[in-house]
Amino acid sequence: MSVLVFGSLNLDLVTYADKLPAIGETIVGEKLLKFPGGKGLNQAIAARRAGSEVLMVGSIGNDADGDYLFDILKSENIDHRFITKTSEQTGIAVIEVSKSGENRIIIIAGANSKTKFSDEVLTSSPLVTVSLAQLETPIIEVAKFIQKSKAAGKITILNPAPIQKLDEALLQDTDYLIANETEASFLVGKAVEHLSKDEAVIIAKQLQKNGAKKVIITLGAQGSIYLDQEKDLFTPAYKVNAVDTTAAGDAFCGAFATAISEHKPVEYALKFASAAGALAATKAGAVPSLPSQQEILSMITSLD
C-alpha cells in the first residue's frame, strides 16, 4: 500500500479578491499569501495524509524556495530520495482566487522542467503498488514513468493537468485517467467548461475509444462520473461551503490513489476521494487544505 508520485513542486503565490478580473481589468485584491504547492507535491501530500506511504520524484531549485519545499516533504514524512536540486529556480504558481472559491492559475515551470524518470525509482521501490502522475513536468518523462510503471505491474493513474494532448500509447498505459470537465472535453477536441452527467459519460466513452481504460471525470459541485468496460458510476459531491478550490482536484487524486493502493473497491475509492476533494475546498491554500485520513473518514461516516 504505497503510492509513487512523479510530479511538480511549486511555491504558490495566492491572491484573493472579491471576483476574478476580466481581460484588461484592474481590481483591488484582499491579500497575498504564500503556500507550498505544485500538483505533484499536492497529490503526494494528499495521498500521505489519506493514509498511504508515499515516495516522490521531482525537482526543485537550489534556492530558498526549494529548501522550503524540501522541508515540507520531510515534515510530511514523504520519501524524498528522488528529489533533485537543479540550477533552475524553483517552480512558481501565481493563483487568483475569487470570493466564490473559483480560481485561475499561471505556472512558471522552473526546476520542474528538468524532472527526469529513472528506472532506479521502480527497481528500488518494490512496495509501490500505485504510480500517479500529472503534466506539470515534461510529458515525455511522464510517458516513460507511466509506461515503465505499467510494465512493472503497478496500477497507473494519470491526471492530465495542465491541459495537453495525449497520444494513444500514454492513454493505453494508464489504468485510471482522472480529468476535470474542461480537461476531459479538450482531450476529445471540444471546448466545454461545464458538463452534465450525461455529457460526461459520452466524453468518457470517447476517451475509451481513444485508448483510455477507466475514466473518471470530476464535475465540481455535481460530483464525478466513472466509466470502465463493464459499468458507469455517478458519485455525488459532498456539500460544503467552498473557500478555495485550488487543490480540490489534487486531494481527489491523492485520496483515490491511496484507496486503490489499499485494494478498496472503486465505488469506495470514489467516495473517499470525493470527501477529500470537498474538504480541501473548505480551506485556503493548497497544501494547508489537504485533509487527513480521519477527517475524510469522519465526513463519509457522518453523511452516510
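With 3.5 Å as the limit, one finds a donor-acceptor pair spanning the side chains of T156 and D175. Remark: the T137 side chain and the T115 side chain contain no N/O donor-acceptor pair separated by less than 3.5 Å. A donor-acceptor contact closer than 3.5 angstrom links the side chains of N159 and Q43.
Residues L207 and L177 have side chains in contact (heavy-atom distance under 4.5 Å, counting atoms from C-beta outward). Residues H194 and E181 have side chains in contact (heavy-atom distance under 4.5 Å, counting atoms from C-beta outward). The shortest side-chain heavy-atom distance between I155 and S261 does not fall under the 4.5 Å cut-off. Using a 4.5 Å heavy-atom cutoff, the side chains of I78 and L55 are not in contact. Side-chain contact between C253 and Q134 is absent, with no heavy atoms from C-beta onward closer than 4.5 Å.
Q222 contributes a side-chain N or O that, together with a main-chain N or O of L195, makes up a donor-acceptor pair within less than 3.5 Å. Side-chain N or O atoms of S8 include one that pairs as donor or acceptor with a backbone N or O of K39 at under 3.5 Å. Side chain of S298 to main chain of Q294: a donor-acceptor pair is present (N/O by atom type, distance under 3.5 Å, no hydrogens or angles). Side-chain atoms of Q164 come within 3.5 Å of backbone N or O of L135 as a donor-acceptor pair. With hydrogens and angles disregarded, a donor-acceptor distance shorter than 3.5 Å links the side chain of E141 to the backbone of F117.
Y226 and Y176 have tilted rings, their planes meeting at an angle from 30° to 60° on a 0 to 90° scale.
Across D167 and L170, no two heavy atoms sit closer than the pair OD1-N, 2.8 Å. Contact detail for S59 and N112: the closest heavy-atom pair is O-OD1, 3.5 Å. The shortest non-hydrogen separation linking S274 to T235 is CB-CG2, 4.2 Å.
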Inset, instruction - Evaluate side chain to side chain contact (heavy atoms under 4.5 Å, CB included) for V215 paired with I217, printing each intermediate quantity in order. - result: CA-CA 7 Å; V215 179; I217 301 178; 3.9 Å; yes
Inset, instruction - Verify side chain to side chain contact (heavy atoms under 4.5 Å, CB included) between L69 and L9, making sure each step is shown before the conclusion. - result: CA-CA 7 Å; L69 296 178; L9 301 95; 3.9 Å; yes
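To the nearest 0.5 Å, atoms CD (E295) and CD (Q293) are separated by 11.0 Å. Here K85 contributes atom NZ and I83 contributes atom CD1; the two are 11.0 Å apart, rounded to the nearest 0.5 Å.
With a 6.0 Å radius and a threshold of 12 heavy atoms from other residues, nucleotides or ligands, K150 has its NZ atom above the threshold.
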